[in-house]
There are 2 protein chains.
Amino acid sequence: MQWDQIFAKRASRMKASEIRELLKLLDQPDIISFAGGIPDPALFPAQAVAEATATAFAERGTTALQYSVSEGDARLRAWIAGQMAELGVPCGIENIIITSGSQQALDYLGKLLLSPGDTALVGWPTYLGALGAFNAYEPRYDKLDPDTNRDFNDYATAAQEAGGRVKFAYMSVDFANPTGRTMDRAARERMIDMADELDMALIEDAAYQSLRYDGEPIPPILALEIARKGSIDAARTIYCGSFSKTLAPGLRVGWVCAAKPVISQLVLMKQAADLHSSTLNQIVIDRVARDIFDDHVAKLRATYSARRDRMLAALEHHMPEGVSWTRPDGGMFIWLTLPEHMDGADLLARAVRDYRVAFVPGGAFYADGSGRNHLRLSFSLADDATIDTGIARLGELLRGAG
Amino acid sequence: MQWDQIFAKRASRMKASEIRELLKLLDQPDIISFAGGIPDPALFPAQAVAEATATAFAERGTTALQYSVSEGDARLRAWIAGQMAELGVPCGIENIIITSGSQQALDYLGKLLLSPGDTALVGWPTYLGALGAFNAYEPRYDKLDPDTNRDFNDYATAAQEAGGRVKFAYMSVDFANPTGRTMDRAARERMIDMADELDMALIEDAAYQSLRYDGEPIPPILALEIARKGSIDAARTIYCGSFSKTLAPGLRVGWVCAAKPVISQLVLMKQAADLHSSTLNQIVIDRVARDIFDDHVAKLRATYSARRDRMLAALEHHMPEGVSWTRPDGGMFIWLTLPEHMDGADLLARAVRDYRVAFVPGGAFYADGSGRNHLRLSFSLADDATIDTGIARLGELLRGAG
């Protein structure tokens, strides 16, 4: 049977990532991998989760195992609304839907906003998983660069010529994956101007928001827009949050906070797509968040920031001339820029074979496959000795490649 | 902001169901509702789930809270493969992907198979949630009726004239929602003939498969097709299973069992759409299934079959002339056919207002909105006295409407 002939047209956009396939091969004990972008499991609040599970049955009985509403647990949404208010986003629980991680939010937003041929504005580079989620809805991508003075209307004209319109700009705003960069306040304000001008939505991915190690927090774009327009229901910004980097990714709990017409449509979509996220997991996350969120995040910050510092120091020590890197204020990633002629994917093959060290080549994060002279390093999983050894090996590799 | 102008074209197909909105109003203590189609929470294995959660941390440590692979937990997939083999479907774990309930399987299969304008063959009536899931991918529906002698090629011609092709037939095979009917073996065999002739897929929804109260099990369509073709990887049938009716819906764990090319593409889709289903919930379901599945299902069968018998007896006693109903061998539903001139939606309004009894009007289950002279009753939640009183009230209503 020729399945390719039965698959929908969109399936051709959903291919195995070469990088992901390559990274699967890295699960060998003697390879030092800075490739993963996952939290350190040693820091998971396993005890709190175990207790909250017991409490869930004690407090809610068997409804903890029953079907529940598509918008999500009301108590958890109320806790999230409180957190959003602290970030400058006054809102009600009707402005919040629970999703199965913020990855599902990105999928649903692509589904909600993109007809085939519409344009999505994304960073060059951007989060690989956002491209994966949006690809299913067959968009055209255009390069979002808030630092250049490209005329806003130029985006609209190019989108029309391609047969669609600009539907949204997607941005990871704090300590972004893969670059570790944070969008400053002026750039956030400019995005609101741009969205108003182009009559488009803004998707604000705040997955790393809580993991700030230095400097003052910058208000979310959604907060800045509400400050201008008076109410969340007048805002174009769709905020995506997640417990995956703060509490536990394996429970798959995230949220979207946005204007009511957006949330209503997402609730219908979720009802049709998976009914609701796990009832029990939402109850557990609610309890754990209420009990330990701030203290737990403080602990994460202390650990991850020390690892970031160690990796920055090691890079300073081991990198050859011509290599530069970001100094993130939070998150899990440092982004290396190599001399133009170097190719991250080629280097990875040699790194694994000859130096037993791994990273993610930069090209994977570019919608057009450019950016090959970059590498992404994650410092979230490694102890000091591993960082020192791994970065020393990377330095040797790059000196050899110079 | 005019969100409607930014939403994708598909969003216009994703509307609030009038029925669902109406049913939300039924949550009043003096209304007897046969509308819900949900398991009885008193029968949930809460103790086993609580113990399995504790065991999960003891056995797997913090990886129970970590990101995991998109195809799902290997142990759980191995257990499911064993169950599938018992149903006549020899397969490996590479033929199985874990989904967040079988609702997510239906969404993914719509996404995988349907380009806008393609044809999906569905029963008239069919599962409301299947129509909801598929609608997002803008199909045309055609009426699947295995009992008529409509020429197979007639389906293909009609689909082509509508600008697409027939991609699949969707069937709930055992004790279907909403009718309670089971597709007999001859009809299943005929579906395979039809699928081969039309070069389409078959989606076999087996959500209620384990809940058989009478009669001999009929092999899944997938088993019959493997018997003909020699291997699951030569089969067109895509089998969707679920733990929602047997263990606990709130954990959101289901699966798809199919040929490897289908599973591979679904894994890519899931990676892009929500990364994976809850790690912890998969581990818990695996443990609970291994420990108690058969015994627990036997208990469910005993309880639900007694309720079915009670409702059938009450219908016999209270229904006026001209009303007929199905006698399901399992599942949760009985389907009433009323005299042609009656309208289930009108009756529901009167039933709630004047008789304090509720059901789902049949029209919701028809892709073309026909079938208004039907009602769906669920017997899964009601005790004997409630069934007797509720069906008596329904009888009064229908006699008054006659």
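Only a predicted model underlies this, so the values are computations on that prediction, with no experimental measurement involved. Side chains included, hydrogens not; waters and symmetry mates left out as well; all remaining heavy atoms used. Here is how names work: the chains are called A, B, and so on, in the same order as the sequence lines, proteins then strands, and each is numbered from 1.
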Heavy-atom pairs under 4.5 Å with chain B, option from [options] with the top count:
options: A/Val262, A/Asn135, A/Asp4; answer: A/Val262
options: A/Ser264, A/Ala248, A/Ala105; answer: A/Ala248
options: A/Leu280, A/Leu114, A/Leu43; answer: A/Leu114
options: A/Pro249, A/Ser115, A/Ala259, A/Ser277; answer: A/Pro249
options: A/Arg236, A/Gln5, A/Arg252, A/Gln2; answer: A/Arg252
options: A/Val267, A/Asp107, A/Thr53; answer: A/Asp107

- Message: Can you tell me which portion of B/Asp118 sits under 4.5 Å from chain A's heavy atoms? Options are side chain, backbone, both or neither.
- Response: neither
- Task: Go through the atoms of B/Ser68 and report whether side chain, backbone, both or neither lie under 4.5 Å from a heavy atom of chain A.
- Result: neither
Looking at [options], which one has more heavy-atom pairs under 4.5 Å with chain A than the rest?
options: B/Pro41, B/Ser102, B/Ala46, B/Ala273; answer: B/Ala273
options: B/Pro116, B/Gly101, B/Pro261; answer: B/Pro261
options: B/Val69, B/Leu112, B/Thr279; answer: B/Leu112
options: B/Gln103, B/Arg165, B/Gln282, B/Met200; answer: B/Gln103

What heavy-atom pair brings [X] and [Y] nearest, and what distance separates the two atoms?
X: B/Ala136; Y: A/Lys111; value: CB-CE, 3.5 Å
X: B/Ala235; Y: A/Trp3; value: O-CZ2, 3.5 Å
X: B/Gly132; Y: A/Ala272; value: O-CB, 3.4 Å
X: B/Tyr67; Y: A/Ser244; value: OH-CB, 3.4 Å

- Note on the structure: NZ (B/Lys270) and CE (A/Met14) are apart, to the nearest 0.5 Å, by 12.0 Å
- Query: If you round to the nearest 0.5 Å, how far is CD of A/Gln104 from OG of B/Ser100?
  - Reply: 7.5 Å
- Query: What parts of residues 6-13 of chain A touch chain B if we use heavy atoms and a cut-off under 4.5 Å?
  - Reply: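 When heavy atoms of chain B are the reference, residues 6-13 of chain A contributes A/Ile6, A/Phe7, A/Ala8, A/Lys9, A/Arg10, A/Ala11 within the under-4.5 Å range.
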- Query: What part of A/Asp199 is in contact with chain B, defined as an atom under 4.5 angstrom from a non-hydrogen atom: side chain, backbone, both or neither?
  - Reply: both
- Item | Region of A/Met269 in contact with chain B, defined by heavy-atom distances below 4.5 Å | both
- Query: Taking only residues two or more places apart in sequence or in another chain, which ones pass ring-ring contact (aromatic ring centres under 6.0 Å, His included) with B/Phe44?
  - Reply: none
- Note on the structure: Within residues 55-65 of chain B, contacts to chain A at heavy-atom distances under 4.5 Å involve B/Phe57, B/Thr62, B/Leu65
- With A/Gln47, which residues qualify under side chain to side chain contact (heavy atoms under 4.5 Å, CB included), at least two apart?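 If we apply the side chain to side chain contact (heavy atoms under 4.5 Å, CB included) test to A/Gln47, skipping adjacent residues, the hits are A/Glu51.
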- Measure from the side-chain N and O atoms of B/Gln66 to the backbone N and O of A/Pro39, and report whether any donor-acceptor pair falls under 3.5 Å. yes
